[in-house]
Structure formats: structure tokens, C-alpha cells
Amino acid sequence: MILLLLLCNCFLFLSLLPSARSSALTTAIAANERLCFYVDADKAGEKIGFYFAVQSGGSFDIDFDVKDPNEKVILDGKSERQGDYVLTANTVGEYSFCFENDMSTLTVKLVDFDIMVESEPRREAPAKPGQVADHTSALEESTFRLNSLLLNIKRTQKYFHTRENRGFSLVRSTQNRLFWYMVLESLGIVGMAVLQVYILQTFFTKTGRRYKV
């Protein structure tokens with residue numbers, strides 16, 4: 001009987017874990033472009049998680065702003081490389097998350113971002129006191145601890161994913177610069193060789209003045 005109650009409470013606490021509506025995307029933002037994404041908060045007090053990281057392009061920075069349904073700016077940043085924020089939706093309605101690549105004239109920025117709306121229900125007290133209550137309380141704490149650890153693992157994976165993409169972008173940019181440097185250097189060497197041959201040929205074939213005695 002006690003085991004059955006523990007299993008029932010286990011499923012109950014799993015159902016009480018924060019329900020989330022998330023949107024993980026990767027998008028390219030052209031130069032002088034402003035791109036916005038929207039999420040809905042169904043009730044006041046919901047938590048909105050907002051993560052972004054510039055994967056490639058220029059100095060890996062971007063401008064962003066977050067507005068509530070009343071068009072009030074609640075979060076913004078200039079030339080940010082990445083960010084991880086948790087906001088509280090105090091107003092029910094549509095929230096906008098905008099990125100702006102205004103500082104670049106030619107460079108396209110690749111941005112990876114994640115917007116998550118979470119509902120955090122209250123923890124209810126165990127139905128029966130005593131030994132079962134102690135077990136269910138410990139089970140509840142373990143469940144929420146596992147959820148927190150999984151979120152930390154997810155953030156760590158995003159961090160290393162961002163570092164990998166930035167490293168790849170840096171290597172590719174360095175390779176392109178080395179390639180064009182070698183091309184210019186080769187053209188310079190060929191041009192100097194042709195110029196030297198021309199000068200030497202002109203020096204030995206040029207006729208001077210002749211004097212007749």
C-alpha cells in the first residue's frame with residue numbers, strides 16, 4: 001500500500017514540474033536588418049527564459065531588445081555576443097524579442113536563440129502525514145533537483161556548441177585570409193620577376209650614341 005502511494009505521488013510530482021513552451025531556432029540576420037520573434041504569456045507571473053548566442057559573422061555581436069505587450073522595453077543590449085535571461089511576464093499578452101544587425105554594412109550574423117515560457121505551479125503538501133509524507137517530500141526534492149541539473153546540462157551544451165561554431169568560423173576566416181594573402185604574394189613575385197626581366201632586357205639592348213671619326 002505504501003509503495004502504491006509512493007508511485008502515485010511520484011507521477012503527481014512529475015506532472016507538477018514546470019510545463020514549458022519553447023522555441024529553439026537558428027536564423028541569419030542580414031546587414032541593417034531587424035528581425036523579431038513573438039511569444040504569448042497566457043497568465044501573469046509566468047517565467048520567460050531567453051537565450052541567444054551569435055554563432056558567426058563579424059565580431060560575433062548583435063543588438064537586441066525585448067518588449068512587453070504594451071511596447072515597453074523591458075530588456076535590451078548593444079553589441080552583445082550572447083545572453084541568458086529569465087524574465088517575469090507581469091502582463092498577459094504577446095512579448096516581442098528582436099535582433100538588429102545595424103552595426104554591419106555587409107556582414108550577415110548567424111544567431112542561435114531559445115525562447116521558453118514556463119509555468120511554475122505551487123508545490124502541494126502531501127496528502128497524509130507520517131512516513132509516507134517524508135518519502136514523498138524527499139522524492140519531490142529529488143525530482144526538482146534533477147530538473148535543475150538537466151537545465152544546467154542544457155546550458156552547458158549550448159555554451160560549448162557556441163564555442164565550437166565560433167572556432168569554426170574563425171578558422172574558416174583565417175583560411176580565407178591566408179589564401180588571398182598567398183594569391184597576392186604570388187602575383188607580386190611574378191610581377192617583380194617580369195619587371196626585372198624587362199629592365200635587364202632594356203639595359204642590354206638599348207643603343208647608345210655613335211661617333212664617327
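The analysis underlying the following values was restricted to heavy atoms, covering all of them including side chains, and did not include hydrogens, waters or symmetry mates.
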Taking the side chain as C-beta and beyond, is there a heavy-atom pair between [X] and [Y] under 4.5 Å?
X: V111; Y: Q55; value: no
X: V73; Y: D76; value: yes
X: I48; Y: V86; value: no
X: V54; Y: L110; value: no

Could you tell me the separation between the [atom1] atom of [X] and the [atom2] atom of [Y], rounded to the nearest 0.5 Å?
X: L195; Y: I199; atom1: CG; atom2: CD1; result: 4.0 Å
X: C98; Y: I29; atom1: SG; atom2: CD1; result: 10.0 Å
X: I62; Y: L35; atom1: CD1; atom2: CG; result: 9.5 Å
X: L184; Y: M182; atom1: CG; atom2: CE; result: 11.5 Å
X: D112; Y: T26; atom1: CG; atom2: OG1; result: 3.5 Å
X: R172; Y: Q175; atom1: CZ; atom2: CD; result: 9.5 Å

Between T91 and N70, is a side-chain contact (heavy atoms from CB on, under 4.5 Å) present by the stated rule, with each step listed? CA-CA 9 Å; T91 306; N70 299 322; 4.2 Å; yes
Look at the side-chain heavy atoms of Ile, Leu, Val, Met, Phe, Trp and Tyr, link any pair under 4.5 Å apart, and say whether [X] and [Y] land in one connected group.
X: W180; Y: L187; value: yes
X: F37; Y: L87; value: yes
X: V117; Y: Y85; value: yes
X: Y95; Y: V92; value: no

Would you say [X]'s side chain and [Y]'s backbone share a donor-acceptor pair under 3.5 angstrom?
X: N101; Y: E33; result: no
X: D40; Y: D42; result: no
X: K109; Y: F60; result: no

Please report the shortest heavy-atom distance between [X] and [Y], naming the atom on each side.
X: N90; Y: A44; result: O-CB, 3.7 Å
X: E71; Y: K67; result: OE1-CD, 3.6 Å
X: A31; Y: L106; result: CB-N, 3.7 Å

Out of F52, Y38, Y51, F50, which one pairs with F97 under the ring pair (Phe, Tyr, Trp, His ring centres under 6.0 Å) rule?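 Among the candidates, only F50 passes.
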Centroid-centroid distance, F113 to F64, less than 6.0 Å: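 No: the rings miss the under 6.0 Å criterion.
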If the test is salt bridge (charged side-chain N to carboxylate O under 4.0 Å, His left out), which one of D63, D65, D102 qualifies with R34?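 The single option meeting the salt bridge (charged side-chain N to carboxylate O under 4.0 Å, His left out) with R34 is D65.
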